[in-house]
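For reference, the structure discussed in these notes is given below.
Just so it is clear, the structure is predicted and the values come from calculations on it, not from any experiment. Chain naming here is simple, since letters A, B, ... match the order of the sequence lines and numbering starts at 1 in each.
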Protein chains: 2
Amino acid sequence: MGRWEPNARGRLADAALDLYIERGYEQTTVAEIARRAGLTERTFFRHFADKREVLFGGSDALREHLVDAVTGAPESAAPIDAIAAAVESVGVLFQERRESALRRQAVIAANAELLERELIKLAALSAALAGALRRRGVPEPAASLAAEAGIAVFKISFERWIGDPGEPDLSRLVRESFHELKAVTAGA
Amino acid sequence: MGRWEPNARGRLADAALDLYIERGYEQTTVAEIARRAGLTERTFFRHFADKREVLFGGSDALREHLVDAVTGAPESAAPIDAIAAAVESVGVLFQERRESALRRQAVIAANAELLERELIKLAALSAALAGALRRRGVPEPAASLAAEAGIAVFKISFERWIGDPGEPDLSRLVRESFHELKAVTAGA
DNA sequence: ACCCTGATGACAGTCGCTGACATCGGTGCT
DNA sequence: AGCACCGATGTCAGCGACTGTCATCAGGGT
């Protein structure tokens, strides 16, 4: 066995989420997180850029998943449909971890700093989607508009999914919201 | 005359923007800002919640302007058209202060923390727009979708306006982007 | 045996931000 | 005039997030 307990990063992330739920984000110090994980404060900052980032470990994988989905959409698919398919497929991922998503989102929604971080992660997803569309030959500003629309749909669908205990199907909400968006933007 | 120089808040905001431009946001300490304004660090934090907020003083007025525009739109206007008119009218406001907007945006774009703050301000605008639509009888999720779409259009139009020295007309960019959004969401 | 690498600890220091209390012109009341 | 009060600011102490730097030391390769 190694010199240290394995998976320091994971232990830090678990300890952080637990403490954020127990006492709230602001009332938790990084030193406490590190102590619960059996490490020091300095080591926390070697694994995470700051106290918020510990909650957003999965966002890189999410971005890759979205980009792959757009890239892999049939060539014939319209930009908005490639985006819709990608966002819908993300819905399936979250459905498998609803409880975990609920806990995490409760912490984030309770704190403005964490909301800011969440928003910039969503903006990064939007930028990545727009890039994937451009690589498919979609010009600007259509690429960015389709990407932003997709992220907006996801954001709204996700909020509804989190807020409604009786709704297990995030993908369905995403599909409905896209449909609703088409109706809304069609105008009068 | 009063006991102190007038307009402490304005002096602080001016000093902050100047220093952020001169040395960069991170390289500027709050103590330096306060000193340049002839005040103390403690007084800075009595006027602004944190070091970033000093750049976002106008966002309340902007929110009120948008809400008023949506509220004042003709009853017959479709939700997306009420939003479009509101966002377009904001374009006019910015056109009058293009130089100031350019300086401010250069600082914000150079720093991730400031970008986060900007995004949460935009999210607040979106929430306010959605609320104004709901008061007009627009149900959810249509209200939030239209509001998010409007903010997305504004964001993209604003970026293009800032980035293109030869384009003086932000309102026109907004109008074109709305048109483009309709085309994009119409799908294949 | 040897060295080297990589994850961690230890420690000092900067800076954002807050709470508590003091200061003192200006304002209004008597 | 005299006085009490108010409100914007100053002063000071302190916490906690984050960083730079150097030390430590098991494990792997040579």
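Residues from residues 53-60 of chain B that place a heavy atom under 4.0 Å from any atom of DNA chain D: there are none. Residues from residues 20-44 of chain A placing a heavy atom under 4.0 Å of any atom in DNA chain D, listed by number, are Thr28(A), Thr29(A), Val30(A), Glu41(A), Arg42(A).
In this structure, Arg63(A) and Leu129(A) have side chains that are not in contact, with every pair of non-hydrogen atoms separated by 4.5 Å or more.
Gln105(A) and Glu118(A) form a side-chain donor-acceptor contact under 3.5 Å, judged by distance and modelled atom types alone. With 3.5 Å as the limit, one finds a donor-acceptor pair spanning the side chains of Ser126(B) and Glu148(B). In summary, the side chains of Glu140(A) and Ser144(A) do present a donor paired with an acceptor at a separation below 3.5 Å, with no hydrogens or angles considered.
A salt bridge is defined here as a Lys NZ or Arg NE, NH1 or NH2 lying under 4.0 Å from an Asp or Glu carboxylate O, and Arg11(B) with Glu5(B) fails to meet this definition. A salt bridge links Arg23(A) with Glu32(A): the distance from a Lys NZ or Arg NE/NH1/NH2 to an Asp or Glu carboxylate oxygen falls below 4.0 Å.
Regarding contacts with the backbone of dA8(D), every side-chain N or O of His47(B) stays at 4.0 angstrom or more from both OP1 and OP2.
Figure legend: Arg172(B) and Trp161(B) shown without cation-pi pairing, the cationic atom not lying both under 6.0 angstrom from the six-membered ring centre and within 45 degrees of its axis. The cationic atom of Arg103(B) (NZ for Lys, CZ for Arg) does not lie both less than 6.0 Å from the six-membered ring centre of Tyr20(B) and within 45° of the ring axis. Cation-pi check for Arg104(A) over Phe56(A) is met; the charged atom lies under 6.0 angstrom from the ring centroid and within 45 degrees of its normal.
Protein atom NZ of Lys51(A) is 18 Å distant from nucleotide atom P of dG16(C), rounded to whole Å. Atom pair Glu113(B):CD and dC15(C):P shows a separation of 14 Å (rounding to whole Å applied). Rounded to whole Å, the distance from CD on Glu5(A) to P on dG9(C) is 12 Å. Arg52(B) has its CZ atom 12 Å from the C1' atom of dC17(C), to the nearest Å. For the pair Leu12(A) CG and dA7(C) C1', the computed distance is 12 Å after rounding to whole Å. The distance from atom CZ of Phe45(B) to atom C1' of dG16(D) is 14 Å, rounded to the nearest whole Å. Between the CG atom of Leu19(B) and the C1' atom of dG16(C) there is a distance of 16 Å, rounded to whole Å.
One can find a donor-acceptor pair under 3.5 Å joining the base of dG9(C) and the side-chain atoms of Arg46(A).
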